[in-house]
There are 2 protein chains.
Amino acid sequence: MAKKKISIKDIAKALDISITTVSFILNGKAKEKRISSELIARVESYIQETGYRPSHLAQSLRLGKSKVIVFMVEDISNHFFASIARLIEEKAFENGYKIIYCSTENDPKKAKELIGTFKVRNVDGFVITPTPDLESTISELLEEDFAVLLFDRWMPEVDCSYVIVENEQSAFEATEHLVMQGCKHIGLIHVESDQMQMKLRLAGYRRAVMKYGLAEHVLHVPFHNYSENEELEKITGFLKANPELDAVFFSTNYLAFEGLRAIQQLGKRIPDDLAVVSFDDHYFFSLFQPNITGIEQPLHQIADRLMEGMLELLKENGNQKAVIREVLPTVLHPRGSSVKKGDK
Amino acid sequence: MAKKKISIKDIAKALDISITTVSFILNGKAKEKRISSELIARVESYIQETGYRPSHLAQSLRLGKSKVIVFMVEDISNHFFASIARLIEEKAFENGYKIIYCSTENDPKKAKELIGTFKVRNVDGFVITPTPDLESTISELLEEDFAVLLFDRWMPEVDCSYVIVENEQSAFEATEHLVMQGCKHIGLIHVESDQMQMKLRLAGYRRAVMKYGLAEHVLHVPFHNYSENEELEKITGFLKANPELDAVFFSTNYLAFEGLRAIQQLGKRIPDDLAVVSFDDHYFFSLFQPNITGIEQPLHQIADRLMEGMLELLKENGNQKAVIREVLPTVLHPRGSSVKKGDK
DNA sequence: TTGAAAGCGATACCAT
DNA sequence: ATGGTATCGCTTTCAA
């Protein structure tokens with residue numbers, strides 16, 4: 001049934017009425033306009049028959065709204081982002097929104113380009129994990145009345161809505177957990193990054209070691225550069241150079257994966273030689289032997305708040321700009337990797 | 001700089017020339033139309049100044065093409081699909097296409113609904129991992145001249161382009177690999193599914209055990225129903241009920257993860273008690289102890305062929321319908337989990 | 001109760 | 001070489 005596209009005009013012609021009337025009926029304004037129910041029925045049955053569906057494109061052009069939300073993250077193939085994507089998508093569709101995704105690779109240039117492209121596309125809203133140096137671009141977006149919602153990280157300088165987790169406190173608690181297990185030399189293997197959430201994780205670790213009078217041992221790994229080997233080497237070198245370490249805390253799970261590899265290669269036993277905790281819990285952590293202690297980010301909650309927030313922002317048609325600030329708690333899952341056997 | 005939207009009309013007015021002229025210049029038809037280079041320069045500099053960008057919405061409406069490709073997979077949060085998404089996205093953007101994603105959950109109803117929605121949205125192409133029972137919908141799409149490219153699985157009944165991997169042969173080789181390691185009782189833990197690729201994996205396994213005169217041991221696990229525990233129990237039961245097994249082949253990696261858990265809980269040693277091979281290689285397999293032998297699907301190749309193919313389909317404006325049929329080879333990575341120590 | 005017509009932003013045919 | 005204008009499909013104000 002290669003049916004040709006049928007437009008509102010066709011149906012008006014076929015039923016010998018005006019386009020306006022059809023439009024009213026389509027948009028549920030029939031009552032309001034007191035169109036005879038007989039006509040309404042005729043139009044509706046014709047629509048049924050022909051399977052007519054209005055062109056979203058034309059509607060968007062006319063109304064200036066496209067019902068499209070951009071989901072711009074660092075890397076859509078990353079488990080964390082992909083999971084959020086999945087959860088958000090569902091809610092979006094329920095509300096008539098489509099989602100376009102894109103990955104910034106944490107590159108400000110790429111991010112700006114993408115945002116520029118989408119502005120022209122008349123998208124309605126942006127869900128963004130901001131790259132560095134994006135403050136002015138975000139500000140512009142806000143001024144131009146787009147709905148913008150940051151997540152995973154945010155920018156203190158810009159008064160923009162966000163949904164994040166308690167990074168500082170979580171890192172503090174994870175470190176403290178290691179202290180409670182009797183660890184005295186706790187290393188942090190950390191992404192060198194300007195990203196706010198990373199700074200806060202570092203701060204949380206620092207607060208904890210300071211509180212318990214321990215020494216700081218931090219390895220700064222340059223930002224993910226797609227040469228995993230380099231990370232592996234860096235971590236290996238760090239562990240070798242600091243043989244006194246009895247615990248390591250990874251500030252993100254992809255570093256933990258490389259770290260586990262390094263630890264294996266060095267022949268160290270977990271947790272006896274080295275206790276391990278990682279930010280960002282992962283399915284894998286409970287499969288690895290021993291199970292790895294992880295800090296879980298509440299994916300469902302994040303996704304829920306993200307979409308609720310976005311819909312909220314979308315609703316208030318550029319009225320007053322309510323700013324959503326959501327900081328969600330994480331959950332520490334203590335597992336074998338951080339429980340010293342000698343613990344009584 | 002909350003600059004108000006500027007349209008082609010505005011710029012024509014500002015420069016006191018006609019819309020047509022501006023349009024020609026914008027579309028690089030200036031030469032063709034022999035517009036004075038002086039005027040061209042004036043227009044171009046004005047465009048620079050104002051940062052004008054044409055409305056894609058209007059262009060789409062006018063041209064009937066939206067430069068949007070739908071990427072419809074079973075579950076975007078799945079590592080395999082997310083990785084492909086990431087790779088495709090890049091190529092798409094380079095070519096001026098945006099990608100909208102959606103997950104079908106392998107539900108034909110949802111898939112049909114989504115396709116219906118996107119048809120109205122005037123998307124240009126569809127990249128789809130078809131759910132069962134989608135033949136007629138796909139056929140319609142084809143008749144209506146959409147660019148459609150299936151992947152991961154395909155439908156024998158429909159003459160539609162696809163990009164897949166050599167499922168049968170790969171499963172055969174993996175099974176044969178186990179035979180070569182001296183395994184005599186090779187089990188297959190398999191998703192019960194109508195999906196073509198799954199049927200082929202089963203067929204490959206069968207061909208191998210038959211060739212070597214071995215007995216078949218197949219566990220059919222019902223399709224992913226989000227209750228992982230059930231899968232774990234099923235696998236555990238199967239392993240208990242077939243104590244003679246000396247190897248298991250998982251037809252997909254999420255089953256392998258649950259399987260590894262089951263094996264751990266049963267206290268079986270890999271590979272001494274039980275050798276393990278899985279379809280779909282995973283980062284994790286080389287981290288697990290012992291390393292798990294996996295069949296790698298060539299992500300980059302798949303993504304490349306997918307986008308090349310899609311662009312090709314998009315190009316031929318409904319001329320003759322070239323059908324792309326791409327079957328890519330996989331790579332078996334033999335690792336510790338399938339190499340018997342007794343092997344001399 | 002229904003219809004005519006303007007307009008969203010851009011393209012391209014037909015004039016001049 | 002440039003410009004006028006119909007058109008894509010739809011919403012909505014104003015008139016009738």
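In what follows, chains carry the letters A, B, and so on, assigned in the order in which the sequence lines appear, proteins first and then strands, with residues in each chain numbered from 1.
When distances run from any side-chain atom of A:L39 to the nucleotides C:dT2, C:dT11, D:dT5, the shortest one goes to C:dT2. Side-chain proximity of B:L63 to C:dA10, D:dT2, C:dT11: nearest is C:dT11. Side-chain atoms of B:F24 lie closest to C:dC13 of the nucleotides C:dT2, D:dG9, C:dC13. Of all nucleotides listed (D:dC8, D:dT11, D:dG3), D:dT11 comes nearest to the side chain of A:S23. Here the nucleotide nearest the side chain of B:K29, chosen from C:dA12, C:dT1, D:dC10, is C:dA12. The side chain of A:T20 lies closest to C:dG3 when the candidates are C:dG3, C:dT2, C:dA10. With D:dT2, C:dT1, D:dG9 as the choices, the nucleotide that has an atom nearest any side-chain atom of B:I35 turns out to be D:dT2.
Atom NZ in A:K9 sits about 8 Å away from atom C1' in D:dC8, given to the nearest Å. With rounding to whole Å, B:R121 atom CZ is found 17 Å from D:dG9 atom P. Here the P atom of nucleotide C:dT1 and the CD1 atom of A:I25 are 13 Å apart, to the nearest Å. Atoms NE2 (B:H56) and C1' (C:dT11) sit 14 Å apart, rounded to a whole Å. Rounded to a whole Å, the CD1 atom of B:I6 is 14 Å from the P atom of C:dC8. One can place CG of A:L57 at 9 Å from C1' of D:dG9, the figure rounded to the nearest angstrom. Residue A:L61 contributes atom CG, which lies 13 Å from atom C1' of C:dT11 at whole-angstrom precision. As rounded to whole Å, 8 Å separates atom C1' of C:dT11 from atom CD1 of B:I8.
Taking the six-membered ring where tryptophan is involved, the planes of B:F126 and B:F118 are perpendicular, since the angle between them exceeds 60° and thus also 30°. Ring orientation note: the planes of B:F80 and B:F151 are tilted relative to one another, at an angle of 30° to 60°.
Contact annotation: A:T21 side-chain N/O to C:dG3 OP1/OP2 distance is under 4.0 Å. Using a 4.0 Å cut-off, no side-chain N or O of A:S60 falls inside it from OP1 or OP2 of D:dC10. Not one side-chain nitrogen or oxygen of A:S55 sits closer than 4.0 Å to the OP1 or OP2 atom of D:dG9. The shortest distance between the side-chain N/O atoms of B:Q59 and the OP1/OP2 oxygens of C:dG9 is not below 4.0 Å.
Ion pair B:E113/B:K110 not flagged as a salt bridge, since none of the NZ, NE, NH1 or NH2 atoms sits closer than 4.0 Å to an Asp/Glu carboxylate oxygen. Looking at A:R305 and A:E308, a side-chain N of the basic residue comes within less than 4.0 Å of a carboxylate O on the acidic one, giving a salt bridge.
Nearest-nucleotide assignment on DNA chain D puts the 5′-proximal partner with B:S36, out of B:S36 and B:A58.
In this structure, B:L26 reaches neither bases nor backbone, as no heavy-atom distance under 4.0 Å exists between it and the strands shown. Here B:I17 lies in heavy-atom contact (under 4.0 Å) with sugar-phosphate atoms only.
Residue A:R62 places a side-chain atom within donor-acceptor reach of the base of C:dG7, judged by atom type and a 3.5 Å distance cut-off alone.
Taken to the nearest 0.5 Å, the CE atom of A:M310 stands 8.0 Å off from the CD1 atom of A:I88.
Checking B:I164, B:V163, B:D159 one by one against B:R325, the side chain to side chain contact (heavy atoms under 4.5 Å, CB included) holds for a single residue, B:D159.
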